Each structure stands twice: as structure tokens, then as C-alpha cells.
Amino acid sequence: MTTSANRSLPLLIVGGGIGGIATALAMARRGQPVRVIEQAEEFREIGAGIQMPPNAFKAFAKLGVLEAIQEVAAYPDDLMFGDMMTGKIVYRAPIDKTFIERFGYPYALLHRADILEKLVTACRKLDLVTLTPGERVERFEDTGSKVIVTTASGNTYEGCGLVCSDGLWSIGRQALVNDGMPLTDGYVLCRGVVPVKDIPEDLYSKTVTMWGGPGLDFFHYPLRRQEIFNIGASYYDPDIRPGPNYPTITRDSFVRHFENACPHVKALLRHIDVSRTWVLHYRLPIKEWSKGRVTLLGDAAHPTSIYISQGACMALEDAVILAEVVSRTDSIEQAFAQYRDVRYLRTARIQFTSREFGKLYHARGAQRDLRNAILAVTRSTALADSLAWLWGNPLSADDPGYV
């Protein structure tokens with residue numbers, strides 16, 4: 001690793017979620033001391049299951065946690081898309097030997113809490129990582145030679161640089177970009193995670209199944225060695241506006257959105273927890289997210305729609321690439337600028353692609369009929385072919401990975 005005087009200070013990371021902890025791990029493995037500052041009292045992930053395509057496993061391998069992650073994953077046989085109104089599966093993509101040979105890793109399913117727990121465990125084994133929970137960052141200053149972070153408790157921390165991995169409502173983004181509120185298309189997400197034993201046999205499948213409907217989507221797949229079942233549903237609400245609050249809904253109002261769904265979807269609705277909801281936000285790509293000794297990472301830099309399952313994957317990739325660039329660059333400022341340049345077009349393409357997939361899922365009328373007709377005659381490898389640029393990227397700072 002190249003060195004300079006300012007590297008005597010740790011690199012500061014704001015946010016102890018998957019992206020922040022992955023960054024700490026990646027940096028420490030390359031010899032860079034880091035401090036992670038997290039506002040929660042413990043490093044714990046909320047949420048439910050996420051899909052982890054092969055590009056995520058390339059990051060896990062480079063972070064040194066591949067085997068630990070594989071131990072808690074579930075592996076689907078297929079990726080399937082069905083029409084929610086008719087109950088008919090119109091497209092199936094197998095996750096078979098050919099798929100794994102093509103991309104190097106399988107397509108896996110993980111609980112967010114399991115991912116973070118494995119990353120935190122790995123970090124705790126490294127002397128170069130300092131984990132600082134219970135501290136909410138209020139402001140920071142780039143002095144030109146270092147960064148000073150001040151927390152709500154009045155404590156200050158000095159670092160050679162600052163990585164803001166503090167999510168959609170990032171204080172770092174507000175300071176660097178100041179582009180206002182994120183955007184929403186008006187979709188509200190509800191989730192449920194239940195033991196597999198509680199799912200009737202005729203409703204369970206070892207697949208990722210996405211059901212698309214007019215202004216609706218519904219998905220389910222197993223998690224944690226097929227011990228639990230992850231279910232999610234989202235619906236369009238024209239009254240939803242961007243904001244950090246969680247809408248309050250009743251079970252009756254939730255179920256009414258799916259009154260015309262097929263029996264399979266209706267039967268699984270009872271497993272959805274409506275006590276907490278999420279407004280689905282996104283932002284349009286930006287070109288500048290590094291300034292001086294401060295940079296953004298993950299959702300702070302490029303929050304995306306959920307429809308190709310790349311939010312956490314992009315944060316993991318960011319962590320690996322940022323650590324690679326920092327390790328071979330004398331100047332933190334130059335390293336942060338290079339990291340942005342390497343990641344910009346790949347993450348932008350992911351953001352745009354994900355929004356287009358969302359339109360496919362939520363199609364109405366003639367668009368829905370056309371979608372179903374085309375997918376019914378589409379070859380099973382078409383999805384892998386169309387996303388080969390994404391899943392097959394070698395994950396290197398020398399390959400921007402957008403084609």
C-alpha cells in the first residue's frame with residue numbers, strides 16, 4: 001500500500017450497515033485503519049431477505065467472507081415471473097450448472113441480518129477496525145489535510161478521509177450534493193418472514209418467484225438454508241409523497257389492493273406484516289459524489305429501485321473498488337475521485353435498468369398483455385444474457401463494468 005503523512009489517521013466511515021461494514025473490512029484487509037461510526041447502539045440490520053446475484057459473491061470472495069456467507073444462504077432452482085391476475089408463470093430462468101459456470105457463482109438468497117452479522121464478525125477479528133456505535137454524526141469538516149467529524153454527543157473524530165455510507169437520507173449527500181428529497185413512483189412495500197414449516201406445501205417453492213400486476217408486485221423465496229420464507233408485496237398509492245416516514249395502513253386496506261390477484265398470491269397475503277411499511281424511493285444518477293476528502297457509498301451515492309436486486313450488491317462492490325483504489329493511490333482526494341469515475345457509469349446503468357424492470361412488473365392493459373406474450377416465447381437464457389454485463393463483471397478498478 002502506498003503511504004503518505006495523512007494515512008496515520010484512520011479512514012472514517014459513517015454508517016454501520018452492509019455498505020459501511022463491508023468498506024471497513026475491505027480497507028482493513030488492505031492495511032488501512034478505519035473507524036465506523038454508527039448512530040444505533042449496536043451493529044444490527046433491520047429488514048428481511050434480499051437476492052444476491054453472482055456479482056455480490058465476487059465481492060464476498062474479495063472481502064474474505066465467502067464461505068461464511070455461503071453457510072447461511074439459500075439457493076433457488078429458478079427465477080420465475082408470473083402474471084398476478086391469472087396465476088400463470090410466463091417466464092422461467094434456470095439457475096443451473098451452466099449458469100454457475102458462466103458467472104462463477106450461483107444466484108443466492110440471504111437475510112440482511114445474516115450478511116451484516118458475518119461482515120461484523122470478520123471486522124471484529126481485525127485490529128485495524130474500530131467500531132463506534134451509539135454516535136450520531138451531526139456535521140463534518142474537510143480541513144484540506146484531514147476530516148473532523150462531530151457527533152450529537154459532542155465527541156469529535158479525526159480521519160484521513162470520510163466515507164458516507166449512511167443511506168438514502170445521507171448527511172454526506174446533503175453536504176456534497178444538496179439535491180433535495182429522493183424520488184418515489186408511489187409504491188409502498190410490505191414484508192413478511194415466516195418459518196417454512198408454516199407455509200403450506202402447495203404454496204412453497206424453492207424458487208425466486210415474482211408476480212407482476214397492474215400497479216402491483218408480489219414476490220417470495222426461501223432464506224437461511226431454506227428454513228424461512230421471505231414474502232414481499234408492493235402496491236401503488238397515488239397519495240404517497242417522498243419522505244422518511246413509514247405510512248400507516250390497515251390489513252383490510254392492504255388486502256383490497258390485491259382483491260383481483262390469483263388464489264396463490266391471496267393465500268400468502270396473510271403472512272405479510274403490515275405493521276411496518278416502506279415507501280420505495282430512488283434517485284436519478286449523478287456524476288459527482290466525491291469532493292476532496294469526502295465521498296459517498298452505496299445508497300448515499302446511487303440509490304436504486306429494487307427490481308433487479310442490486311442495492312446491497314452495489315454497496316458491496318463500492319467497498320471493494322474503493323479499498324482497491326485507496327490502497328494504490330497516495331492521495332485520498334485522488335483515490336476518492338478515481339473511485340467515483342470507476343463506479344459512475346456502472347451504477348448509473350443499474351439505476352436506469354432497474355426502473356425499466358419495474359415498469360415491466362407493473363404493466364397494465366395492452367402493455368401487460370404484450371409483456372406476457374413476449375415473455376412466453378422468450379428463451380430461458382435471455383435474462384442472463386441481458387444482465388451478463390452486470391453479473392459477469394470481474395469486479396476490478398481497471399474494469400468500469402458498464403458494458
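Reckoned from all heavy atoms, side chains included, excluding hydrogens, waters and symmetry mates. Small disclaimer: the values here were computed from a predicted structure and weren't measured.
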- Item | Cation-pi, Phe336 ring and Arg293 (6.0 angstrom, 45 degrees) | no
- Measure centre to centre between the rings of Trp391 and Tyr107, then say whether the value is under 6.0 Å. yes
- Task: Measure up the His362 and Tyr187 rings against each other and bin them: parallel (under 30°), tilted (30 to 60°), perpendicular (over 60°).
- Result: parallel
- Task: Please determine if Lys88 and Asp83 form a salt bridge, counting it only when a charged side-chain N lies under 4.0 Å from a carboxylate O.
- Result: no
- Query: Sub-3.5 Å donor-acceptor pair from the side chain of Lys266 to the main-chain atoms of Glu259, do we have one?
  - Reply: yes
- Task: For Gln367, look at atom CD and say whether over 12 heavy atoms of other residues, nucleotides or ligands are found less than 6.0 Å away.
- Result: no
- Item | Residues Asp299 and Arg283 bridged, charged N to O under 4.0 Å | no
- Task: Side-chain contact test, heavy atoms from C-beta onward, threshold under 4.5 Å: evaluate it for Tyr307 versus Asp217 and give yes or no.
- Result: yes
- Task: Assign the ring pair Tyr339 / Trp289 to parallel, tilted or perpendicular, where the plane angle (0 to 90°) is split at 30° and 60°.
- Result: perpendicular
- Hey, are Arg379 and Asp385 close enough for a salt bridge, meaning a charged N less than 4.0 Å from a carboxylate O? yes
- Query: Does the Gln351 side chain pair with the main chain of Pro303, one donor and one acceptor, at a distance under 3.5 Å?
  - Reply: yes
- Could you check whether the rings of Tyr361 and Phe81 sit parallel, tilted or perpendicular, using 30° and 60° as the cut-offs? parallel
- Charged N to carboxylate O under 4.0 angstrom, Arg346 versus Glu317? yes
- Interatomic spacing from CZ in Arg92 to OG in Ser380 - rounded to 0.5 Å: 10.0 Å
- Task: Using a strict 4.0 Å threshold on nitrogen-to-oxygen distance, state whether Glu141 and Arg139 make a salt bridge.
- Result: no
